[in-house]
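The structure appears right after this line, and notes come after that.
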4 protein chains.
Amino acid sequence: MRGRPREDGIDGAVRRAVKELLAEAGYAKCTVDAIAGRAGVGKAALYRRWRSKAELVFAAVVHDDAMAGPADTGALQGDVAEVLAVIKSSLDGPGVREALPGLVADLRADPNLLAGFGERFIGRERAYLIEMLDRAVARGELARRPDPVAVHAILLGTVHTWIHLLGEPMGPVRALAPALTAAIRTLGS
Amino acid sequence: MRGRPREDGIDGAVRRAVKELLAEAGYAKCTVDAIAGRAGVGKAALYRRWRSKAELVFAAVVHDDAMAGPADTGALQGDVAEVLAVIKSSLDGPGVREALPGLVADLRADPNLLAGFGERFIGRERAYLIEMLDRAVARGELARRPDPVAVHAILLGTVHTWIHLLGEPMGPVRALAPALTAAIRTLGS
Amino acid sequence: MRGRPREDGIDGAVRRAVKELLAEAGYAKCTVDAIAGRAGVGKAALYRRWRSKAELVFAAVVHDDAMAGPADTGALQGDVAEVLAVIKSSLDGPGVREALPGLVADLRADPNLLAGFGERFIGRERAYLIEMLDRAVARGELARRPDPVAVHAILLGTVHTWIHLLGEPMGPVRALAPALTAAIRTLGS
Amino acid sequence: MRGRPREDGIDGAVRRAVKELLAEAGYAKCTVDAIAGRAGVGKAALYRRWRSKAELVFAAVVHDDAMAGPADTGALQGDVAEVLAVIKSSLDGPGVREALPGLVADLRADPNLLAGFGERFIGRERAYLIEMLDRAVARGELARRPDPVAVHAILLGTVHTWIHLLGEPMGPVRALAPALTAAIRTLGS
DNA sequence: AATTAATCGAGACGGTACGTCATGTCTTGAT
DNA sequence: ATCAAGACATGACGTACCGTCTCGATTAATT
């Protein structure tokens, strides 16, 4: 016997409720009870799916369809511009802006969460970058592949810090592409 | 009537207690009650000195001598290396590593805190960078002064994200100086 | 169309499970889920038979043969002793001791339940007492029939309170018969 | 250093809130949150004073001023009438009627509570009865002192069961005094 | 034999209460 | 006016229970 299967609509309703509440009220006011109420769902259904509020919000906000796949523009600077756009969209969507700092803070407290985040978010982005760098090497734009961690820090870091630490509006991300491409070229020379 | 003057040893005892608790248990377990207990101090004494837990931990963890002043090395790349070193030391000290994500999260929740932090930390660093960039323009290394916010995002972002988001050990920061200098040159050309 | 008939063994398995859980853990820990699990039965099967946990436990714990029928001993004091014995056996069986206070509490909360209980348990006992009193009047032992509610309160109350409120072991119930018979005689004089 | 002393008004405000809620909505709706809200008190203040909801309601409902002291009327039947009145007032006051079944149920679950109840309520009442019986023996109304537990069961049980189990309105308790006095006389002959 | 319909165990669902914990404020008596 | 101690209001968290509902499988009586 398998028992009653989990209802389909709940995951979606919860994700929607989380994003709405984050946008309306911020991470602090985004209560588990409020989420359940907004989604028309009992708290038990939430904790059956996610082990804590952090996991719940994380799952709602880190959308799986981000980083769909590497886009090959034929030149390193074009690829960098693409990556920057994807990174920005994944850090600046509705809800993410408000949630991310709180989420990153919760990561430190829960090793399980940290591992999941590293694997699902950082790891996938890293793989994308490695492909991009390897293509540039194959094309002859880079003499050797630079340390992917350093490249990751430069690209993700610039966008993430601009949005979440400096607190100033960020213009079009493409404007950064030439400068950051130059940095990558220096690392790969 | 001036009343009893504030006791001297409290600030130091509190800073020590905060750092110990951060190292032992992380930001979440670093409770205000725990801090007061560890420091042998009443909570009122804490809130008489700092307005919130975030201010308290911030004061305990960010050393004021971090941004002592701009060091003029005579060349842009040297200045960048200096700045990176200062940034890293201010983000990677004992306690900061554990505290910073939680601190940044609290910042979002409280606009007052955000303003204070922006002024005291971001603003000072920004001023430092502007001096550095102006010197490079004067020297002829840059055709014009690039947007300081962008430069700030690149330098602070790379270090901050490497340490606090990627979760991988960061090598000597000087190795990044050439690449990030190249980025700045591109922005200022 | 009649569909699949109810399985035979379920009632018995449930009663056994309820009694075991009451004895092991008391009324509070005697959860509906625990009962279902112990009896190897789904919760739906329980709620198909009884409308609430209170009904379920009540049915499991109160044996229907308790109030089999009035026993005519030929004298009021003998009848009282019989009634007391029946009352005690219905309040002191295995499981009842642990369950009754919780059951009575649930009764207060649900008027439907209260009505059902009153009819099935109190009412039947009351009818028995009325028969007994009428026989005594017919015999000439009582001048008139006293208020059956008062008699009920005296007989049931003494046993019920001794067992469930005073918390002290109760000796043979026959010892009480002369005293309580005297009380009834006073009421009926 | 002793710290801030507990506020005086809280105990009283809580007791009042509990009684009001019990009278308005019954034991089930008498939530801890509702009590705290009605009393204008935080939940922490409640759990600082009582370890559970049961202890809280118990303290609010079992008033210490009940059973102020034995009243000597000069005759056993008068004393019995007095005791019955006191017992009834302690079981039928505002709030008690609704709370008692739930409270008695909770007693079974918590041995600490059971001990407290036995000592503070049953024990005090028992002592009262013993005095009453000894006076009757001294007066020559009884040949010997009957078992106080049996007397307790008869007096408390009749009233308690009438109110809380039979669910019928109880007339003036004095009407029971002659009958129950006869029972006691029989036990003490 | 095929259909129909009520049952079965398993377990997810909404609702609601509980008891714990953290923050920032306030109140003692003492210094 | 400050100190240590600790009580206070507020409000979120995660757990537990109840009674309902849904699933696929099983079982008989009716077609």
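A note on names: the letters A, B, ... follow the listed sequences, proteins ahead of strands, and every chain is numbered from 1.
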Between [atom2] of [N] and [atom1] of [X], the distance in whole Å:
X       : N      : atom1 : atom2 : answer
D/Ile10 : E/dT27 : CD1   : C1'   : 12 Å
C/Glu7  : E/dG9  : CD    : P     : 6 Å
A/Leu46 : F/dT15 : CG    : P     : 12 Å
A/Leu56 : F/dG14 : CG    : C1'   : 12 Å
A/Arg2  : F/dT26 : CZ    : P     : 14 Å
C/Tyr47 : F/dG19 : OH    : C1'   : 5 Å
C/Asp8  : E/dT7  : CG    : C1'   : 13 Å
C/Glu55 : F/dG19 : CD    : P     : 10 Å

_How close do D/Arg120 and D/Val62 get, counting heavy atoms only, and between which atoms?_
NH2-O, 4.0 Å

_For D/Ile35 against D/Cys30, the heavy-atom pair lying closest together_ =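 Residues D/Ile35 and D/Cys30, closest heavy atoms: CD1-SG, 3.7 Å.
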
*Give every residue pair that meets the ring-ring contact (aromatic ring centres under 6.0 Å, His included) criterion with at least one member in residues 98-120 of chain A, sequence neighbours excluded.*
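Sorted pair list: A/Phe58-A/Phe117, A/Phe117-A/Phe121.
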
*Just jot down the salt bridge (charged side-chain N to carboxylate O under 4.0 Å, His left out) partners of C/Arg6, sequence neighbours excluded, or say none.*
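With neighbours one apart ignored, the set is empty.
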
_So, using salt bridge (charged side-chain N to carboxylate O under 4.0 Å, His left out) as the criterion, who are the partners of C/Arg51 when residues are at least two apart?_
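Checked C/Arg51 against salt bridge (charged side-chain N to carboxylate O under 4.0 Å, His left out); matches are C/Glu55.
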
Name the nucleic acid region contacted by [X], choosing base, sugar-phosphate or nothing; use a 4.0 angstrom heavy-atom cut-off, strictly under.
X       : answer
A/Arg48 : base
A/Lys43 : base
A/Arg51 : nothing

*asked:* Going by side-chain hydrogen bond (donor to acceptor under 3.5 Å, both in side chains), name the residues that satisfy it together with C/Arg38, two or more places apart in sequence or in a different chain.
replied: C/Glu20, C/Glu24

*Output all residues satisfying side-chain hydrogen bond (donor to acceptor under 3.5 Å, both in side chains) with C/Tyr27, sequence neighbours left out; order by chain, then residue number.*
C/Asp106

*asked:* Go nucleotide by nucleotide along DNA chain F from the 5' end; which of D/Ala45 and A/Ser52 gets its closest nucleotide reached first?
replied: D/Ala45

_If you assign each of D/Arg6 and C/Lys53 to its closest nucleotide in DNA chain F, which residue comes earlier from the 5' end?_
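Going by which nucleotide is closer to the 5' end, it is D/Arg6.
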
*Does A/Arg4 make a side-chain N or O approach to OP1 or OP2 of F/dC21 shorter than 4.0 Å?*
no

*May I ask you to verify if any side-chain N or O of B/Arg49 is less than 4.0 angstrom from the OP1 or OP2 atom of F/dC3?*
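For B/Arg49, the contact criterion (side-chain N or O under 4.0 Å from OP1 or OP2 of F/dC3) is met.
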
*Mind listing the residues from residues 17-38 of chain A sitting with a heavy atom below 4.0 Å of DNA chain E? Number order is fine.*
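By residue number: none to list.
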
